[in-house]
Chemist: 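Questions regarding the structure given below will be posed in turn.
Source: prediction; values computed, not measured. Order of the sequence lines fixes the chain letters, A, B, ..., with proteins taken first and strands second; residue numbering starts at 1 for each chain.
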Number of protein chains: 2
Amino acid sequence: MNVEEIIKTSRPLPLAPRTIIHMALVQNKIEDSMGNALKPFEVSTQQFNVLRILRGQKGQPANLFTLNERMVTKMSNTTRLVDKLMAKGLVNRTQCPSNRRKVEITITEAGEAALEQMDRAVTGAQDKLLEKFVEKDLEQLNELLDKF
Amino acid sequence: MNVEEIIKTSRPLPLAPRTIIHMALVQNKIEDSMGNALKPFEVSTQQFNVLRILRGQKGQPANLFTLNERMVTKMSNTTRLVDKLMAKGLVNRTQCPSNRRKVEITITEAGEAALEQMDRAVTGAQDKLLEKFVEKDLEQLNELLDKF
DNA sequence: CAACAATATTTGTATAGACAAATGTATGTC
DNA sequence: GACATACATTTGTCTATACAAATATTGTTG
């Protein structure tokens with residue numbers, strides 16, 4: 001990935017702005033790749049993320065606050081995101097009996113099954129994205145990202 | 001930035017998915033910071049990006065194709081993005097006389113003046129984001145990002 | 001226990017972006 | 001010069017997201 005070529009700029013960029021732009025370009029590529037992997041399942045990366053969180057709950061229900069807290073990209077409207085997963089039959093939503101303000105969201109069996117397929121697709125996409133990285137590169141990259 | 005803490009996961013993540021999530025988290029932070037820097041000017045990062053491209057043209061007008069080509073994040077509706085910059089008086093749009101299919105977009109003086117202020121704000125935000133990086137780190141990060 | 005504050009979610013609304021179809025203009029071919 | 005094709009932009013429409021206000025429930029305090 002050559003930054004200057006992609007944004008068609010003639011002059012070389014100073015290192016700091018180049019890094020920021022580089023990050024954006026790579027993130028675009030990652031989102032594109034993940035989106036394509038999930039396209040057959042008609043779920044967004046956000047929805048996929050929620051399904052994974054719910055599976056991680058191991059049967060224990062999650063409420064909207066918990067979901068929002070654990071999402072990679074927090075968003076203001078988790079209600080409607082869950083609505084869409086409900087409409088697809090991938091999750092259940094019930095009112096919490098002990099505190100009726102809360103909702104209890106769980107993944108359905110259909111959701112678990114679909115998620116397994118999605119996982120395969122996404123893992124494949126990620127492996128492809130990272131194919132040029134050796135273990136040491138990934139460690140180094142994670143260390144550098146920690147500096148942000 | 002500790003990935004596991006931010007997404008409140010108990011188990012440590014395998015390196016590959018951790019990297020992907022890490023990238024997303026950092027990018028969120030970058031966008032947030034840039035967005036805040038630009039908030040006083042009421043322009044999006046995309047709009048800011050277009051203004052910079054126009055300045056880079058040094059008086060020469062750009063058409064929508066050129067803008068789209070040079071934008072960091074390509075988007076499907078450059079027309080309406082330029083509309084918004086027009087409404088703010090930051091750019092001019094005229095029909096290209098030699099090829100009336102094309103439009104000629106230029107930055108106005110007000111646009112140049114505003115952009116200078118924005119640049120200061122954005123550069124400040126970027127320096128803050130990168131304050132923990134030394135030159136060598138940035139070089140290393142750019143090299144690693146090239147592997148995507 | 002009434003009044004008020006805090007919590008959890010939902011809803012309304014405004015704006016941004018994706019995608020496809022429509023419009024207007026230019027170019028090449030017979 | 002009429003016709004098809006390619007090009008450049010615009011428009012319509014649908015979905016996604018952000019933000020604020022509204023609703024419902026629970027907890028707290030005098």
Chemist: How many whole angstroms separate atom CD of B:Glu31 from atom P of C:dG17?
Modeler: 11 Å

Chemist: For the OG1 atom of A:Thr73 and the CD1 atom of B:Ile21, what is their distance to the nearest 0.5 Å?
Modeler: 10.0 Å

Chemist: Are B:Leu141 and B:Met1 linked, directly or through other ILVMFWY residues, by side chains that come within less than 4.5 angstrom of each other?
Modeler: yes

Chemist: Contact boundaries of DNA chain D with chain B (under 4.0 Å, heavy atoms), 5' to 3'?
Modeler: D:dA6 to D:dT13

Chemist: Identify all pairs in which a protein N or O lies below 3.5 Å from an N or O of nucleotides 5-12 of chain C, and state each distance.
Modeler:
unit_1, atom_1, unit_2, atom_2, d
C:dT7, O2, A:Arg101, NH1, 3.1
C:dT9, OP1, A:Leu64, N, 3.2
C:dT9, OP1, A:Val103, N, 3.1
C:dT9, OP2, A:Leu64, N, 3.4
C:dT9, OP2, A:Phe65, N, 3.0
C:dT10, OP2, A:Thr79, OG1, 2.8
C:dG12, O6, A:Arg80, NH2, 2.5

Chemist: How about A:Phe41 and A:Phe48: are their ring centroids closer than 6.0 Å?
Modeler: no

Chemist: What's the CG-P distance between A:Leu38 and C:dA18, to the nearest Å?
Modeler: 17 Å

Chemist: Decide yes or no on side-chain contact (heavy atoms from CB on, under 4.5 Å) for B:Glu131 and B:Gln126, but give the supporting numbers first.
Modeler: CA-CA 8 Å; B:Glu131 66 188 351; B:Gln126 287 185 355; over 6 Å; no

Chemist: Would the number of heavy atoms belonging to other residues, nucleotides or ligands and lying under 6.0 Å from NZ of B:Lys74 be above 12?
Modeler: yes

Chemist: Tell me which of A:Gln46 and A:Arg100 sits closer to the 5' end of DNA chain D, going by the nucleotide each one is nearest to.
Modeler: A:Gln46

Chemist: Is the closest basic N to carboxylate O distance between A:Lys132 and B:Asp146 below 4.0 Å?
Modeler: no

Chemist: May I have the distance from B:Glu42 (atom CD) to C:dA14 (atom P), rounded to whole angstrom?
Modeler: 17 Å

Chemist: Got a salt bridge between A:Arg18 and A:Glu4, using NZ or NE/NH1/NH2 to carboxylate O under 4.0 Å?
Modeler: yes

Chemist: Can you tell me if CD on A:Glu42 sees more than 12 non-hydrogen neighbours from other groups inside 6.0 Å?
Modeler: no

Chemist: Need one value for A:Lys84: base, sugar-phosphate or nothing, where a base atom within 4.0 Å counts as base even if backbone is also close, heavy atoms only.
Modeler: sugar-phosphate

